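Structure record follows, encoded as structure tokens.
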Amino acid sequence: MPAPETIIFTALLLAVALLALGVVLAFAGRHRATDVTLALFLLSSTVFFLTRAWIKDFFPFTDKVESFMTLAVLIVLCARYYRSRIAGREFATLLLLALVTAATIFVFQDRIRYPTAYLLTLWYPLHIPLSFAAYAFWLIAGVNALFSLRAWRGRDPSLQERPLMTELNRNGFLCFTVAMLFGGIWGYLAWGAYFMWDPKLVWSAILWLYYGNLLHLDGLPALRRWNIPLYILGVLLILITFIGTGFFTRSIHKF
Amino acid sequence: MLKLICILGNRYAGFVLGMAVILNLAIGSLVMDRYPKTYPPFFPNNLGFFFDPVQAKHAWLYALLVTFSLFTVNLIACITETVVRMIQARDARLKQLAALLFHLALALILIAHLYDGVYGSEYRAALDDQPQDIQDIGAIRVESLQNHQHPDGSLKETEVALLIRHDDGRELRERIAYNEPTLFDGGRRQIIIQQGEHRPKGLIITRVADGAPLNLLPHEPHRIESGHLVLREVSMHKMGMPVADLLWLRKDGSRQQLFMVLNERASRHTEVELAGERYRYKAPLTTPVAFVLVRYNPAIPLVLAGLLLTSLGTILLIVWQRRRA
């Protein structure tokens, strides 16, 4: 029986390699082969998560390697779910985004540690995957907007109605709202406050307000044409919330 | 009246104000990160912090308060207008209801946060085995404290048993742990564990001849045949070992300062001689100390109402999505 660390590393390497293959196949328009590759990627990721959960004796969302991998998996799942409603190149770009997210973990030194006492609560594993699912929905909306940018510059009037972007935003908003509810309850029980002036919390509030505000665009005809750049800007806000506050601030949520 | 509400609740103004709030929060986050001494981690949530004294650094918060207030007025006007319209039309669609609940929840939570920021309070306390008065709760002492470790030695959990004697004489036993505070007054008051440990408060020494133990507490004279022994303090020696500073007061009034190394490996220095008898260090006398945060948030009922409305709004939106699908 190989050591758990070996299983984890092998599963991780295999998952990233399969995702890279999936990206190539998606850009080549080989749909069925892409699906098979992505299914194998998900299987490999499951082995990765289960082994880590077994070692840590807890849900595997507590360090940066697990966080990046979770986000990559959720981007793949969401992209696959919306595949019939987005262009082939958009789908391939989303897989590329997932690949970059997953491959980032090789930059870090992977030290598997037991979670700290504050993390050992059910609210934490409820809060994290839902936040990342929201990021995934919003990232798909952002990529969708990015691919519409050229048409937007040409003032294509059909771009004013973007039901898919609104739907993606609504799903993301729902996930993020529930994630914030769970996170708020956790914060109240662990630190006595559902909100603190911490960069991660402030930027999470920013994201929630921003995407909540964007949900109103459909009802504001004079502003509706700004939906494309605003959804693209949303991607930047997600990056700041996830990576910026996680690595470059003094947040207590820092990785 | 309805016209005024429509003007105040203008959707475009709401969108722009929402973006202004977001910009303010983003600037605030950067300022807070730039000045870690002014804004340390876990700095107080109360708004008084930003006004005592007023500082140019806090300009982002003053602007935020203005934009948030305008945003809340817009939000409340918008909600009122929607409710009036729903009543007039005698029609409430699922999506509209969900949106209404989300907006109501947001307005409630903003008001609750302001209320907490003005009237809320928090302070840190170190609780031990002696009763300590905690304002509006009662006298609290630690009955037991246990730290649990992961297999690698890192902290997994701290469990503290508290004995709380309320002002009316009632006694209550509560257990606190990480993520498990004890709540009072409908959740408005909390005692939250931050750290727990056993701290030395004295030491046990034994008479070498027969092994009879003596418990020494700081500054409490202990009678030994021809005099009194007093533990003055326990300090760290420059060699890195804990040392007990003892004072031997003889009946004739003379006094002698003695040092005892509190480390079993330093065998020769763990003994002192008193009235012809040798005494040896045996073990430290420890007391459980729980470092806690005592928090008062009077806005908790409002927050709970906001939580309930958000949950209802979420459920309605999910139902609407499913029906639409």
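Scope of the values below: all heavy atoms of this structure, side chains included, with no hydrogens, waters or symmetry mates. What you are looking at is a predicted structure, and each value in this text was computed from that prediction instead of being measured. Every chain is numbered from 1, with letters handed out A, B, ... down the list of sequences.
If you take NE2 on H103(B) and NE2 on H216(A), they are separated by 3.0 Å, rounding to the nearest 0.5 Å. To the nearest 0.5 Å, the span separating CG on L209(A) from CD1 on I22(B) amounts to 5.5 Å. With rounding to the nearest 0.5 Å, the separation of OG in S29(B) from CD1 in I240(A) is 9.0 Å. R170(A) contributes atom CZ, which lies 3.5 Å from atom CH2 of W320(B) (distance to the nearest 0.5 angstrom). Between L304(B) atom CG and I185(A) atom CD1 the span is 9.0 Å, to the nearest 0.5 Å. The CG atom of L223(A) lies 9.0 Å from the CE atom of M19(B); values are rounded to the nearest 0.5 Å.
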Test side-chain contact (heavy atoms from CB on, under 4.5 Å) on L220(A) and Y12(B) and set out the steps.
-> CA-CA 7 Å; L220(A) 304 170; Y12(B) 288 95; 3.7 Å; yes

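Only the side chain of I300(B) comes within contact range of chain A, judged by heavy atoms closer than 4.5 Å. For W191(A), the parts lying near chain B are the backbone and the side chain together; criterion is any non-hydrogen pair under 4.5 Å. Interface residue Y194(A): only side-chain heavy atoms are found under 4.5 Å from chain B. In this structure, chain A has no heavy atom under 4.5 Å from any part of I315(B). Residue contact with chain B, scored on non-hydrogen atoms closer than 4.5 Å, involves the backbone and the side chain of T249(A) alike. If you measure heavy-atom distances from V21(B) to chain A, the contacts under 4.5 Å come from the side chain alone. Contact of L230(A) with chain B is made through the side chain alone, with heavy-atom distances under 4.5 Å. When heavy atoms are compared at a cutoff of 4.5 Å, H113(B) approaches chain A by way of both its backbone and its side chain. With a 4.5 angstrom heavy-atom cutoff, Q321(B) touches chain A only via side-chain atoms.
The environment of E197(B) atom CD is dense: over 12 non-hydrogen atoms of other residues, nucleotides or ligands sit within 6.0 angstrom. Shown here is R175(B), whose CZ atom has more than 12 heavy atoms of other residues, nucleotides or ligands within 6.0 Å. In this structure, Y123(B) places its OH atom where more than 12 heavy-atom neighbours from other residues, nucleotides or ligands lie under 6.0 Å away. By the 6.0 Å contact criterion, CZ on F59(A) is open, its count of non-hydrogen atoms from other residues, nucleotides or ligands being 12 or less. Atom OH of Y81(A) has 12 or fewer neighbouring heavy atoms from other residues, nucleotides or ligands inside a 6.0 Å radius. Applying the 6.0 Å contact sphere to NZ of K95(B) captures no more than 12 heavy atoms from other residues, nucleotides or ligands.
Listed options S154(B), G14(B), A26(B), A177(B) were ranked by heavy-atom pairs under 4.5 angstrom with chain A; first place goes to A26(B). Between chain B and the options N213(A), I206(A), N171(A), heavy-atom pairs under 4.5 Å are most frequent for N213(A). Contact tally against chain A (heavy-atom pairs below 4.5 Å) for L293(B), L106(B), D152(B): the top residue is D152(B). Ranked by non-hydrogen atom pairs under 4.5 Å with chain B, the options G187(A), G192(A), A222(A) are led by G192(A). Ranked by heavy-atom pairs shorter than 4.5 Å toward chain A, the options P151(B), G306(B), A99(B) are led by P151(B). When W203(A), Y118(A), W123(A), F248(A) are compared by the number of non-hydrogen pairs under 4.5 Å with chain B, Y118(A) comes out ahead.
When atom types are taken as modelled, the side chain of Y114(A) and the backbone of L155(B) share no donor-acceptor pair closer than 3.5 angstrom. A donor-acceptor contact shorter than 3.5 Å links the side chain of H150(B) to the backbone of P115(A).
For the pair W197(A) and L25(B), the minimum side-chain heavy-atom distance is below 4.5 Å. Proximity of F102(B) to T177(A): side-chain heavy atoms (C-beta onward) are separated by under 4.5 Å at one or more points. Residues F15(B) and L217(A) meet the side-chain proximity criterion, which asks for heavy atoms closer than 4.5 Å. Side-chain contact between K156(B) and T116(A) is absent, with no heavy-atom pair separated by less than 4.5 Å.
The only member of L307(B), I192(B), L183(B) that meets side chain to side chain contact (heavy atoms under 4.5 Å, CB included) when paired with Y188(A) is L183(B).
At a cut-off of 3.5 Å, with distance as the only test, a side-chain donor of W186(A) or N179(B) sits close to an acceptor on the other residue.
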